[in-house]
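Note sheet for the following structure.
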Amino acid sequence: MSASTPKIDGDLGSNFIYDIIDADLAGGAVTQVHTRFPPEPNGYLHIGSAKAIWISAGAAMKYGGLFNLRYDDTNPVREDDEYVRSIEEDLNWLGAVPNGGIFYGSDYFEQCYEFAVQLIKDGKAYVCDLSQEEMAAWRGTLTEPGKNSPYRTRSVEENLDLFGRMKNGEFPDGSRTLRAIIDMSSSNMNLRDPVLYRILHAAHHRQGTKWCIYPMYDFAHTIQDALEGITHSLCSIEFENHRPLYDWVADNIGFAKKPRQYEFARLNITHTVMSKRYLRELVESGSVDGWDDPRMPTLCALRRRGYTPSSIFEFVKRAGVAKAYSVVDIRLLEYCIREELNQNAPRRMAVLDPVKLTITNYPTSQAETFPIPNNPLDETAGTRDVAFSGKLYIEREDFSEDPPPKWQRLRPNGEVRLMGAYIIRCNEFVKDAEGNITELLCTADLETRNDKPLDGRKVKGTIHWVSAATAVPAKANLYDNLFTLENVADAPDGTNFLEYLNPDSLTVRDNCKLEATLGGVQPGERFQFVRMGYFSADPKHPGTFSRVVQLKDSFKLEG
RNA sequence: UGGCCCGUCGACAAGUGGUAAGUCACAUGACUUUGACUCAUGCAUUCGUAGGUUCGAAUCCUGCCGGGCCAACCA
């Protein structure tokens with residue numbers, strides 16, 4: 001795995017988080033910004049994670065601060081080393097360097113335990129013998145206050161003894177918990193004597209069987225943030241109700257420098273499921289081929305499809321940071337990669353649905369090449385010599401026997417420019433028994449080569465081509481989200497990705513793999529279709545195309 | 001139905017008492033060796049809603065409506 005260059009830089013824009021930091025810096029509450037990204041290693045990072053990364057790593061970068069990666073691995077039954085590795089790889093690919101260090105929440109288990117003991121000694125926590133069901137009943141409801149646990153008044157000595165024995169493995173799972181003494185009548189359920197520690201005889205991916213009690217998120221996370229010197233603990237909005245508990249833990253343990261938690265709305269994208277739980281379900285049920293299945297919104301899947309870190313961060317930035325629930329149009333993501341590839345990606349011609357085209361006045365013995373720009377927007381990209389001959393393939397869709405109005409491509413007795421080469425005129429076309437066109441017979445304006453016509457006539461259309469002699473048949477992965485969606489038409493915004501996994505749409509997957517005839521592309525080379533055969537039909541102009549899809553992604557030639 | 005958070009163009013989102021930025025999408029026109037790209041133009045008399053305060057309100061107050069989160073020994 002090679003480290004990519006940092007992609008978070010320069011213009012990070014502005015948002016309310018930065019306003020808060022500005023104020024903290026100005027008021028002297030904070031002198032050095034320190035943030036963290038705390039994924040639980042229970043799944044692969046997705047584009048929603050990229051938002052969290054961008055915000056936290058971006059804040060550190062913007063203010064010359066530190067950014068930590070911390071694996072939030074306090075629940076041994078859900079976590080695995082596979083995910084740790086994938087997270088590291090994805091973060092590295094993104095170029096979000098954890099300049100503050102890489103940490104594991106589980107490495108703080110010892111401190112967590114000591115702080116819990118301290119809380120007991122301070123009379124702020126107790127060992128509770130209520131079962132899970134009993135605790136739920138005693139907790140009350142959203143509208144009714146809870147009742148104090150009968151174990152709430154245990155002596156410090158008894159609590160200390162019991163907690164020590166919990167740690168030593170004397171009690172079975174679920175038999176006891178350590179709870180904070182806060183307020184059973186709080187309107188915030190998180191404050192009704194929340195569980196701080198639970199008994200769980202399970203092997204931890206990193207700690208092994210060293211522990212059989214594990215700290216809960218609210219307790220452990222606050223401690224981790226405080227110990228690492230995090231100044232701004234940025235998380236998504238569902239943790240808003242947890243902030244009072246976060247503050248309670250920090251206050252009652254008595255950290256000198258207390259981290260502050262701020263929340264922002266998580267990223268939602270149209271037609272995309274972003275819940276790690278559902279994504280894992282898709283993988284484990286075999287509904288997709290894996291975490292990097294191109295239909296997944298994971299970073300590894302986006303990477304496989306040719307998305308770049310900078311395009312993902314650009315998308316996140318454009319989508320904005322706010323607290324309002326929102327669903328960002330996936331077309332904004334597509335715009336971001338299109339924008340970048342349009343500037344950078346080298347062009348290659350590829351014919352997906354070939355039809356033979358013979359230039360009848362082109363000498364069979366003749367062979368020549370035409371220099372074609374690798375990227376018309378970037379002169380420094382240079383040109384490549386593309387072999388030309390009298391026998392070519394063009395896109396079947398670039399010829400119309402009976403063209404609609406405003407047709408600019410090839411038609412009987414019509415002229416068209418072969419990209420970077422001659423202007424040709426179609427004189428005849430050959431059909432098979434079924435009426436399918438099998439060959440086009442054309443003549444070229446051999447005097448012009450790839451210049452303007454000598455007589456000044458206008459030829460509006462230009463089409464791409466490959467020479468039959470040098471073309472290589474190849475399989476290209478045309479994984480593309482929009483392409484997929486267009487085949488399950490009329491899915492309303494907000495439709496869950498899962499809903500696409502119905503029998504009708506499963507066939508889409510097969511269509512994702514297309515045979516392409518490529519000119520001048522080497523195996524392993526990443527390329528972009530100059531134009532590919534899949535356009536969305538424009539209902540207002542039948543037979544024309546409203547959108548070129550190929551600029552959305554780049555593709556890697558397999559084999 | 002308790003508490004907290006949130007409602008600004010089709011989608012995001014600035015704006016935080018002085019008279020509605022920007023982007024995506026969309027539409028039209030120009031340009032074009034790919035109908036792409038690029039360029040130009042258009043796209044919220046109005047900020048969920050009803051009142052109130054004010055010379056003046058998207059911004060402050062109140063009610064109502066709508067959405068999200070919370071009753072794991074998950075994170």
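In what follows, chains carry the letters A, B, and so on, assigned in the order in which the sequence lines appear, proteins first and then strands, with residues in each chain numbered from 1.
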Item to check | A:Y335 side-chain proximity, nearest of B:rU34, B:rC6, B:rA25 | outcome: B:rA25

Next on the checklist: How many whole angstroms separate atom CZ of A:F264 from atom C1' of B:rC12?
Outcome noted: 16 Å

Item to check | Options B:rU1, B:rG35, B:rC24, nucleotide nearest the side-chain atoms of A:R409 | outcome: B:rG35

Next on the checklist: Would A:R70 pass as a cation-pi partner of A:F103, given that its NZ or CZ must be under 6.0 Å from the six-membered ring centre and within 45 degrees of the axis?
Outcome noted: no

Checklist entry - For A:D329 and B:rC26, what is the distance between atoms CG and C1' respectively, to the nearest whole Å? => result 11 Å

Checklist entry - Taking the same atom, P, in B:rG22 and in B:rC43, what whole-Å distance lies between them? => result 11 Å

Checklist entry - Do you see a donor-acceptor pair shorter than 3.5 Å between the side chains of A:D193 and A:Y126? => result yes

Checklist entry - Checking A:W407 side chain against A:R409 main chain: does a donor-acceptor pair fall under 3.5 Å? => result yes

Item to check | A:L191 CG - B:rC4 C1' separation (whole Å) | outcome: 12 Å

Item to check | Distance, rounded to the nearest Å, where A:I372 contributes CD1 and B:rU34 contributes P | outcome: 11 Å

Item to check | Nearest-angstrom distance from the residue atom NE2 of A:H464 to P of B:rA36 | outcome: 15 Å

Next on the checklist: Show every salt bridge (Lys or Arg N to Asp or Glu O under 4.0 Å) that has at least one partner inside residues 368-381 of chain A, sequence neighbours left out.
Outcome noted: A:E368-A:R449

Next on the checklist: Would you call the rings of A:H221 and A:Y246 parallel, tilted or perpendicular, taking 30° and 60° as the class edges?
Outcome noted: tilted

Next on the checklist: Using 30° and 60° as the class boundaries, would you call the ring planes of A:F370 and A:F388 parallel, tilted or perpendicular?
Outcome noted: perpendicular

Checklist entry - Quick one: A:M419 CE to B:rU32 P, roughly how many Å, whole number? => result 15 Å

Item to check | Whole-Å C1' distance, B:rU19 and B:rC24 | outcome: 28 Å

Checklist entry - Which whole number of Å gives the distance between the C1' atom of B:rA71 and that of B:rG3? => result 12 Å

Checklist entry - For A:N268, which contact category applies under a 4.0 Å heavy-atom criterion: base, sugar-phosphate, or nothing? => result nothing

Checklist entry - If we take the P atom in both B:rG42 and B:rU23, what is their distance in whole Å? => result 12 Å

Item to check | Parallel, tilted or perpendicular: ring planes of A:Y18 versus A:W54, cut at 30 and 60 degrees | outcome: tilted

Checklist entry - With sequence neighbours left out, what residues match A:S186 under side chain to side chain donor-acceptor pair (under 3.5 Å)? => result none

Next on the checklist: Rounding to an integer number of angstrom, what distance separates B:rC61 and B:rC6 when you compare their P atoms?
Outcome noted: 12 Å

Checklist entry - Starting at the 5' end of RNA chain B and moving along, which residue's nearest nucleotide shows up first, A:V328 or A:T448? => result A:V328

Checklist outcome for this item: Judged by nearest nucleotide, the residue sitting upstream toward the 5' end of RNA chain B, A:A265 or A:Q343, is A:A265

Checklist outcome for this item: A correct 5'-to-3' footprint of nucleotides 64-75 of chain B, with B, S and - meaning base, sugar-phosphate only and no protein heavy atom under 4.0 Å, is -----BBBSBBB

Item to check | Polar side chain donor-acceptor pair, A:E228 to A:N68, under 3.5 angstrom | outcome: yes

Checklist entry - How would you label the contact of A:L377 with the nucleic acid (heavy atoms, under 4.0 Å): base, sugar-phosphate, or nothing? => result sugar-phosphate

Next on the checklist: Students often get this wrong, so: under 4.0 angstrom with heavy atoms, is A:V321 touching a base, only sugar-phosphate, or nothing?
Outcome noted: sugar-phosphate

Next on the checklist: Measuring only the C1' atom in each nucleotide, how far is B:rA50 from B:rU38? A whole number of Å is fine.
Outcome noted: 48 Å

Checklist entry - A:K460 NZ to B:rU34 P: how many Å, rounded? => result 13 Å

Checklist entry - Tell me: NZ of A:K317 to C1' of B:rC12, nearest whole Å? => result 15 Å

Next on the checklist: Would you measure the distance from the C1' atom in B:rU46 across to the matching atom in B:rA20 and give it in whole Å?
Outcome noted: 7 Å

Item to check | Set of side chain to side chain contact (heavy atoms under 4.5 Å, CB included) partners for A:H242, sequence neighbours left out | outcome: A:N190, A:D218, A:F239

Next on the checklist: When the P atoms of B:rC4 and B:rU62 are compared, how many Å lie between them, rounded to an integer?
Outcome noted: 12 Å

Checklist entry - Partners of A:E284 by side chain to side chain donor-acceptor pair (under 3.5 Å), sequence neighbours excluded? => result none

Checklist entry - Can you tell me which stems RNA chain B forms when a stem means 3 or more consecutive Watson-Crick or G-U pairs under 3.5 Å? => result B:2-7 with B:65-70, B:10-12 with B:22-24, B:26-30 with B:38-42, B:48-52 with B:60-64

Checklist entry - Closest to the A:V327 side chain: B:rC12, B:rG2, B:rC24? => result B:rC12

